[in-house]
> 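Take a look at this one; I'll ask things after.
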2 protein chains.
Amino acid sequence: MADVTLKKLSELLNLSISTVSRALKDHADVSEETRNRVKQLAAMVDYEPNTYAINLRTNHSREFGVIIPSIANDFYQSFISSLEEEARYNGYSLIILQSGDDPATEIENLRRCKQNRLAGIFVSITSRTNDLNPFMRLVEQDIPVIFFDIVPAFEACNKVCVDDAAAAVMAAETLIAQKKKNILAIFGKNQLSITRKRLQAFTETFNKYGSDAQLNSLHAGSTADTFTLLMDHLASPLKYDVVFCMSDEILIGVMKAIQTLGLRLPQDIGVLAISEGIIPTYYYPRITYIETSGFKLAKMAFSRMLACIAGSSYVQELKSEPVLVAGGSL
Amino acid sequence: MADVTLKKLSELLNLSISTVSRALKDHADVSEETRNRVKQLAAMVDYEPNTYAINLRTNHSREFGVIIPSIANDFYQSFISSLEEEARYNGYSLIILQSGDDPATEIENLRRCKQNRLAGIFVSITSRTNDLNPFMRLVEQDIPVIFFDIVPAFEACNKVCVDDAAAAVMAAETLIAQKKKNILAIFGKNQLSITRKRLQAFTETFNKYGSDAQLNSLHAGSTADTFTLLMDHLASPLKYDVVFCMSDEILIGVMKAIQTLGLRLPQDIGVLAISEGIIPTYYYPRITYIETSGFKLAKMAFSRMLACIAGSSYVQELKSEPVLVAGGSL
DNA sequence: AACATTTCCGCAAACGTTTGCGGAAACATT
DNA sequence: AATGTTTCCGCAAACGTTTGCGGAAATGTT
């Protein structure tokens, strides 16, 4: 029952191994009749090609590596979910490796990818990664590397990421269009590049439109930070008509405060967020947000990967366009 | 630069391939001196064994398959995160395959695992899976299969899952200890086995303790269902002093209603849930919940897998004990 | 000094595929 | 009828590793 190989098939059919192999892949060098005989028997005995042998012979596999800081994150969750679908549809599999935001583990994961001779690697670097050489060395060995989400700032490499500036611009424009006049905007840690990009684009947009809105931009390092900050700033008398949240983490803190204070959306105050799209559905009414979902990003990353495998050698930097998803919080 | 093999090493060292191979794995048949020479050169030229060849030769790989309905789920997220850590620590990798709650895709994924000759498979079956034979066939081919979370009801197989009954009992006991008298309990779809187990254990516990609490148990199919149901049942005059939520999905709907109605935790009403542990932290105060986290489950599943690979042939059914995590909602 | 034992290493087969090449048979063209 | 062309198939090498076996040299035992 166990392992049926090309050899066994060839013996049963009085053919050579080569002919059986070619027949199974519809090679023109074998007659239609023989092809059918072979395929029929193969189906009957449930022949399955030995992937180990194929990999060795062809010197490549149909597996991609995915290196991320942690899978426990809404963004990576949607990204991987979408990427896996694409991969499966194209006959590839995904190997997941978490770096736990530790550069050393990241290097170790990279080594494993190389050792397993994966067909390509998708990687979202840790916040503390500063040596990109190990990644570049893979590229030199013809293993395509696609950076996504958190990508190196300067290096010439394939990058696929959210258009942070565009998302922030869209947020600002939405608030301006809604004629909000007293805006409390909460951003993440100042040293993160994502924070700087979003903050800059956000404020610049208000200037560009010559808006007369009062804009108060604050930073919060975590959900808990945001909560205490907001409990203070949203205390009555209420000075704001809307709160803008740069990320899901912040949105959660803001909503905790709003609930605790008994404020109601959208009558008492409006809320607009930049979000992966999961958290906003947890509230009633649903939060209006600018989507930076991993789904689209994954499809872009995957098609870029296929292009690389097909031989595209130049590098490319792709950005996914944000989309406004209307809820009832504005 | 590219591919350095045993052959190249052997030529550089004037040794045979076999000796080099053995030296690298500290085989006793090669002298200490030679071993060191070999290892030194190998390190210098950055030799990396060809995994394809090793797999073919040894006829097994260090990769596990993980088949789940969808990765976009808090439970699977924590499960996989934890499982990947364990695997990596033990030199294994994880291949993720989503079935999209479609039995046909599930079979296809299973076929791919078999074809890729993975070392073992972790699987959480879809809600519509009823033919377990394809899985059993893998077991016969000496590929261990560990079912987790959603497991087959009757078949003799390795199962690792949450102790649904124990979690429900703990929930009931908590409510009784808190002397709650008017309980609104929301459960999921009645046809799901998880619902039946939790509902039964929950109500039986109240009977067992001879509680005089008023218990109203309702079913809701989704978050939206729960919301509309609760908007009705929690309308004033408020008849309940606590709401019990069987799952995260239900908790979200309940909280939406509570927020919309402007009820405050825990003064106006209490909330207790059975949860994966993420959602309860999204609210203020944090929701008190019975944890059924995937972390512990993953560790149990992995060690069971290792036992299977080591030759343990009997099947085992493991349950993870739930834990009460106190928040401020009771 | 003769023999037995240990130490160390190489030969070669095997794992299951893919594929370049060559060749026999069948067919088509003069 | 002789030649060129096409159709169909098999031989054998190659991918890089592991490992049983055998054997030469070194060491130990009478």
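Residue numbers begin at 1 in each chain, while the letters A, B, ... track the order of the sequences.
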> Within residues 26-42 of chain A, find the residues that approach DNA chain C with a heavy atom at under 4.0 Å, and present them sorted by residue number.
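The stretch gives none, as no residue of it lies under 4.0 Å from the strand.
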
> On the side chain of A/R117, is there an atom forming a donor-acceptor pair with the base of D/dG16 - under 3.5 Å, no angle test?
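Result: no qualifying N/O pair found.
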
> What is the ring orientation for A/F302 with A/F64, classed by angle as parallel under 30°, tilted 30 to 60°, or perpendicular over 60°?
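Rings of A/F302 and A/F64: perpendicular, over 60°.
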
> Nearest to the B/T5 side chain among C/dG16, D/dT17, C/dC11, which nucleotide is it?
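Given the options C/dG16, D/dT17, C/dC11, the side chain of B/T5 is closest to D/dT17.
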
> Applying a 4.0 Å non-hydrogen cut-off, can you work out what A/I54 is touching in the nucleic acid: base, sugar-phosphate, or nothing?
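Contact class for A/I54: sugar-phosphate only.
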
> Write down the distance between NE2 (A/H60) and C1' (C/dT18), rounded to a whole number of angstrom.
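From A/H60 NE2 to C/dT18 C1': 11 Å.
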
> Among residues two or more places apart or on two chains, list those pairs meeting side-chain hydrogen bond (donor to acceptor under 3.5 Å, both in side chains) that have a residue in residues 53-67 of chain A.
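Residue pairs with at least one partner in residues 53-67 of chain A: there are none.
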
> Quick check on contacts: within residues 10-20 of chain B, what sits under 4.0 Å from DNA chain C by heavy-atom distance?
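Those residues are B/N14, B/L15, B/S16, B/S18, B/T19.
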
> Between the protein and nucleotides 26-28 of chain C, are there any N/O to N/O pairs under 3.5 Å, and if so, what are the atom names and distances?
none

> Using atom CG of B/L6 as one end and atom P of C/dC11 as the other, report the distance to the nearest whole Å.
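One finds 15 Å between P of C/dC11 and CG of B/L6, rounded.
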
> Within the pair A/Y47 and C/dT17, is there a side-chain N or O less than 4.0 Å away from OP1 or OP2?
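Yes.
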
> Filter on salt bridge (charged side-chain N to carboxylate O under 4.0 Å, His left out), then keep only pairs touching residues 297-315 of chain B, sequence neighbours left out; what's left?
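Matches after skipping sequence neighbours: B/E86-B/K299.
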
> NZ of B/K25 versus P of D/dT19: gap in Å, rounded?
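The distance from NZ of B/K25 to P of D/dT19 comes to 6 Å, rounded to the nearest Å.
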
> Salt bridge (charged side-chain N to carboxylate O under 4.0 Å, His left out) for B/E33 and B/R37? Distances and angles first, verdict last.
CA-CA 6 Å; B/E33 190 200 328; B/R37 273 180 61 214; 5.6 Å; no

> Could you pull out all residues at least two apart from A/K39 that satisfy salt bridge (charged side-chain N to carboxylate O under 4.0 Å, His left out)?
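A/D26.
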
> Mind listing the closest non-hydrogen atom pair of A/C161 and A/D149 along with its distance?
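Of all heavy-atom pairs spanning A/C161 and A/D149, the closest is CB-O, 3.7 Å.
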
> Send over the distance from A/Q115 CD to D/dG16 P, rounded to a whole Å.
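My rounded result for the distance is 15 Å.
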
> For B/L56 and C/dC15, give me the distance from atom CG to atom C1', rounded to whole Å.
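Spelled out: CG on B/L56 to C1' on C/dC15 is 4 Å.
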
> Quick one: B/L24 CG to D/dG16 P, roughly how many Å, whole number?
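Answer to the nearest Å: 16 Å.
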
> Quickly work out the B/R22 CZ to C/dC11 P distance and round it to whole Å.
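Taking atom P of C/dC11 as the reference, CZ of B/R22 is at 12 Å.
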
> A/S21 side chain N/O closer than 4.0 Å to the phosphate oxygens (OP1, OP2) of C/dT17?
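Checking A/S21 against C/dT17: no side-chain N or O falls below 4.0 Å of OP1 or OP2.
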
> Check the distance between D/dA14's P and B/N50's CG and give it to me in whole angstrom.
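Taking atom P of D/dA14 as the reference, CG of B/N50 is at 17 Å.
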
